[in-house]
Amino acid sequence: MQFKINLIFVINYLLLFVCGGVHNVFAGNTEFFSSVHQMSKLVQLESVLLQQMQKYIKINENKLDFLKDRLAMLERDNREALEEGLNYFDSPLNKYYLTKRLTVDWARIENIMQHESGKKTLNRIAKYESTNHYPENSELDGAIAGFLRIQEVYRLKTADMAQGILDGVKYNISLDARLCLDIAKYAAKENNMRFTHSWALEALKRLQDPAEVSNNPTAVLAEKLEVAEILELLATSKKNLGDLKGANQTYAELVQLRPDIENYTREYLVFLKENVHKEYVSVDLSDEHEPLPADLHSTDQFTRYKHTCNGLLKQSPSEERELRCGYLTETDPFLLLAPLKAEELNHHPLLVLYHDVLSDAEIEIMKGLSDNRIVRATVAGINGSVVSELRTSQFVFMPRTAHKLLEAIDVRAEQMTDLNMEYSEDHQFQNYGIGGHYGQHYDWFQSEDLLISSREMGNRIATVLFYLTDVEQGGGTAFPFLKRLLMPKKGDAAFWYNLHADGVGDLRNLHGGCPIIVGSKWVLNRWIRENIQSDRRPCELWPDSCRDCA
Ligand SMILES: *[C@@H]1O[C@H](CO)[C@@H](O)[C@H](O)[C@H]1NC(C)=O
Ligand SMILES: *[C@@H]1O[C@H](CO)[C@@H](O)[C@H](O)[C@H]1NC(C)=O
Ligand SMILES: *[C@@H]1O[C@H](CO)[C@@H](O)[C@H](O)[C@H]1NC(C)=O
Ligand SMILES: *[C@@H]1O[C@H](CO)[C@@H](O)[C@H](O)[C@H]1NC(C)=O
């Protein structure tokens, strides 16, 4: 079963687990939000649970139907006895019946009432819960984080996202007030006041929308509480964003709505005290995004990465003029028969995209190999590898000896790079999930201490990144300094050098996987090491004047 729609998953997942109130049921340690592939398994698990629930209801319905029948009969007999008074006992048969009703019959009924119907299904559910991995509550935060990352990077409007419009494509799903509020709360926790404001506003709009209220009458009861929660978030975010006039108004509304809650009064008083000598100006907060910097080129790394992902930062036609496409035939005699389709994306440093280097059949084999083995990706740090919000994906390493196809892939990578593949790391397969991304980074190790696996292999001289899937929306590979965005296309592969010819890390090759909006992204990473490449990479072909660029 192939589930593609990533963000739709997020939303359903959030609706199911946040709003369905299914808290604390889950235990286990597989993480779902970082892989679409893992989440598709959850859908199957859910359907098993629902089948068990249906059985449980059926069994209990049968039991209650039986009891109702019995009750009607017993009531009839009892009424008769009451009406007839002592005459009832004229018949010895009736004496017998009454006694029987209160002994044998009643014991049986009591027995049935006490019987825990559906115990078997409950046991079965408990067994599923213990033998399958369930998402944990903490994963909800991961899901919301991914959702907001998508919004931030692609500069999506809150109102659009809440209606299921993602980067211009309308999906048949919309977010309710509760979920908008949860997103606002998360944004507040992360100190992202613009998103806090816009999502709280969206929640409020939904609560006040008569259509939503009549659709969901049970929500009305909870509404009073939520409105206050929303107003508090609005007031806090307005205050933080400098909209003192708006904050003053919202605090006043909040205190008027809930004069009984001391916290709100106290917060308002603190606000008034803090701003006693200030003029209450009004700030337009209708844009949930920071204004764009005047010059995107002179921003920090993360800002450049974001705007490479969303396409605002790209090469100009004059920068692209020298770049060529063509067939590569030189690196191996075999290529005369089957040349590689190469597209240059940048010269200094070299970045090449090879088209159609993997067949669909090969990709199916690779997915089969890595299926069920992926775990949450880590980021290399001084103290070893750590799970990080920087990298939300799942991966598995596989030695090339695991399958003859992997050896064949390496032959192809050797033709593409003209580098010796003998000293390369194991094949790394990776699947990205909800808002899945790998923030901007270098593939080369920054210090000797970080050289992972055998040090004698040297640093990562080059990378070949194979795309094993298309991605419907988002999920490109961004090179912020080269101003290049590579959109994943199934079967393609990108190649670039990580090091200058003399072995120093190249700062211009900063890159990152952009958040996925819709789709599931599988990639294969081949990291090639420096050892014994000296005859393969003649420096003079790549004049290297840009040591300190970027
Ligand atoms: C949208 O979803 C609703 C309920 O989930 C369904 O009844 C309706 O047919 C769907 N519309 C489209 C266009 O898919
Ligand atoms: C703050 O709000 C209150 C209540 O609406 C209002 O009476 C007061 O004038 C406002 N203060 C300022 C400085 O605008
Ligand atoms: C009031 O504030 C305290 C501490 O700041 C907090 O623990 C408590 O949950 C708050 N109560 C409400 C109703 O917000
Ligand atoms: C690494 O571990 C040491 C000792 O446990 C600690 O002092 C240091 O802060 C850690 N560094 C990082 C980056 O986590």
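Given the structure is predicted, the values throughout are model-derived calculations rather than measurements. The residues of the chain are indexed from 1 along the displayed sequence. As a basis for the values below, the full set of heavy atoms in this structure was taken, side chains included, without hydrogen atoms, waters or symmetry mates.
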Backbone of W527 reached by a side-chain donor or acceptor of R460 within 3.5 Å: no
side-chain contact (heavy atoms from CB on, under 4.5 Å) between I363 and K367, intermediate numbers included: CA-CA 6 Å; I363 289 172; K367 281 189 192 159; 4.0 Å; yes
Residues in salt bridge (charged side-chain N to carboxylate O under 4.0 Å, His left out) contact with K341, at least two apart in sequence or another chain: D356
Listed partners of E152 passing side chain to side chain donor-acceptor pair (under 3.5 Å), at least two apart: K306
Pairwise side-chain hydrogen bond (donor to acceptor under 3.5 Å, both in side chains) hits with a residue in residues 59-68, at least two apart: none
With sequence neighbours excluded, residues passing side chain to side chain donor-acceptor pair (under 3.5 Å) with H289: none
Partners passing ring-ring contact (aromatic ring centres under 6.0 Å, His included) against W496 (at least two apart in sequence or in another chain): F479, H511
Partner set under side-chain contact (heavy atoms from CB on, under 4.5 Å) for Q114, not counting sequence neighbours: E110
Of all pairs that satisfy side-chain hydrogen bond (donor to acceptor under 3.5 Å, both in side chains), the ones with a partner from residues 188-202, not counting sequence neighbours: D141-K189, Q151-W199, T158-S198, E202-K205, E202-R206
For D360, salt bridge (charged side-chain N to carboxylate O under 4.0 Å, His left out) partners two or more places apart: K490
The single option from K58, Q54, M53, Q52 passing side chain to side chain contact (heavy atoms under 4.5 Å, CB included) against T121: Q52
D410: salt bridge (charged side-chain N to carboxylate O under 4.0 Å, His left out) partners, not counting sequence neighbours: R400, R526
Partners meeting salt bridge (charged side-chain N to carboxylate O under 4.0 Å, His left out) with K157 (sequence neighbours left out): E288
Side chain to side chain donor-acceptor pair (under 3.5 Å) involving T250 - partner list, sequence neighbours excluded: K238
L482 side, atom CG; T308 side, atom OG1 - distance, nearest 0.5 Å: 9.0 Å
Test side-chain contact (heavy atoms from CB on, under 4.5 Å) applied to R258 and N263, step by step: CA-CA 10 Å; R258 296 305 299 260; N263 281 9; over 6 Å; no
For N310, side chain to side chain donor-acceptor pair (under 3.5 Å) partners two or more places apart: H307
